[in-house]
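Given the structure is predicted, the values throughout are model-derived calculations rather than measurements.
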Amino acid sequence: MNIATVIGIIFGIGILFYATFLSTDDVRVFINFPGLAIVIGGTLASTFICFPMKEVMRVFSTFLMALKREELPIGNYIEEIVRIAREASARGKIHLEKTLPGIENEFLKSAIQMLVDGYSREEIKEILDTRIEQTYQQEISSAGIYRTMAKLSPAYGIIGTLIGLIGMMQSMAGGLSQIGFQMAVALTTTLYGILLANVLFLPIAIKVEKRIEERVILMCVIRDGTLFIKDKTPGAIVLDKLRAYLPPRRWASIGRREPQAKAGT
């Protein structure tokens, strides 16, 4: 679980509620269910118009991905690849086939399978590059949907406010006693749109994009490691080259623990 994301959401909502109670004597003025329906319903409607149904439904699983742990265990994968490279160099191609059942990551497993099947270096690189690109394009579209929703929700907030103001103008013929309350209710729709965009949709989009970048880095590590194994590169060189994908602060931890590559791509 990504604790920072959960803390950010809870803290943001808490601050907003606290400020709301301090800013008015009647918090009911901030409650506008028709306005909320306009913002959420309108944003979802436009999103379904912009994107295919299948892609829109995937954004819910993308939200769960944003709540997961902060960093992928790339160091574990580097250690696993270095171990495979050393044992493959010492025991040959037969050992590679024996390691397949113990590999949980599907991308790494398919890469090692290509080594076992005797694919050429060029074929392995081409196939893995294509898979990396396709994965990136597919996943980045989910972040794009959230960014689109972040643009749409403030617009629907303004639409809801205009609808409220029109109703307020119509009711002015009956007297001005309720005009302040009605205007406040109308403006809450704009507030809803801006809050949804900046507290929910846009932060999730940025979080998902960061997660996708980490996933692509992991896939690049696996691709390069597989090519190093194909070239029979010594394990020490494989380790140094793959560590270059990580920030220096994480270099020291690689090689000090038992490799435990988990499913992550």
Worked verdict on Leu202 versus Tyr146 for side chain to side chain contact (heavy atoms under 4.5 Å, CB included): CA-CA 6 Å; Leu202 189 57; Tyr146 276 110; over 6 Å; no
Sole residue of Glu133, Glu139, Gln134 in side-chain hydrogen bond (donor to acceptor under 3.5 Å, both in side chains) with Gln137: Glu133
Any donor-acceptor N/O pair, Thr226 side chain to Ala111 backbone, under 3.5 Å: no
Greater than 12 external heavy atoms within 6.0 Å of Gln113's CD: yes
Common cluster, Ile145/Leu152, ILVMFWY with side-chain heavy-atom separation under 4.5 Å: no
Closest non-hydrogen atom pair between Asn32 and Thr189, with its separation: ND2-OG1, 3.3 Å
Salt-bridge criterion met for Glu79 and Arg83 (N-O under 4.0 Å): no
Side chain to side chain contact (heavy atoms under 4.5 Å, CB included) evaluation trace for Ile140 with Val208: CA-CA 8 Å; Ile140 204 68; Val208 170; over 6 Å; no
When the side chains of residues 33-46 are checked against the rest of the protein, which donor-acceptor pairs come out under 3.5 Å, sequence neighbours left out?
from	atom 1	to	atom 2	distance (Å)
Thr43	OG1	Val39	O	2.6
Ser46	OG	Gly42	O	3.3
Ser46	OG	Tyr156	OH	2.5

Backbone of Gly225 reached by a side-chain donor or acceptor of Lys230 within 3.5 Å: no
Salt bridge present between Glu209 and Arg147 (N-O < 4.0 angstrom): yes
Between Thr135 and Gln138: side-chain donor-acceptor atoms closer than 3.5 Å: no
Salt-bridge contact Asp129-Arg223 (side-chain N to carboxylate O under 4.0 Å): yes
Side-chain (Thr188) to main-chain (Leu191) donor-acceptor, under 3.5 angstrom: no
Stepwise side chain to side chain contact (heavy atoms under 4.5 Å, CB included) check, Asp224 with Lys241: CA-CA 9 Å; Asp224 290 355; Lys241 288 188 174 183; over 6 Å; no
Same apolar cluster: Ile103 and Ile124, side chain cutoff 4.5 Å: yes
Asn105 side chain vs Phe107 backbone, donor-acceptor pair below 3.5 Å: yes
Euclidean distance, Leu100 CG relative to Ile84 CD1, rounded to 0.5 Å: 8.5 Å
Summary of side-chain hydrogen bond (donor to acceptor under 3.5 Å, both in side chains) pairs that have at least one residue in residues 197-206, sequence neighbours excluded: none
Residue pair Tyr119 / Ile127, side-chain heavy-atom distance below 4.5 Å: yes
Evaluation steps, side chain to side chain contact (heavy atoms under 4.5 Å, CB included), between Phe51 and Thr47: CA-CA 6 Å; Phe51 300 95; Thr47 303; 4.1 Å; yes
OH/Tyr245: more than 12 non-hydrogen atoms of other groups inside 6.0 Å: yes
Cluster link Leu187 to Ile163, ILVMFWY, side chain under 4.5 Å: no
Lys109 with Glu106: basic N within carboxylate O range, under 4.0 Å: no
Pair Thr161, Thr190: side-chain N/O donor-acceptor within cut-off below 3.5 Å: yes
Test item: Thr148 side-chain N/O and Gly144 main-chain N/O as donor-acceptor pair under 3.5 Å: yes
Within-4.5 Å side-chain heavy-atom neighbours: Arg86 and Pro234: no
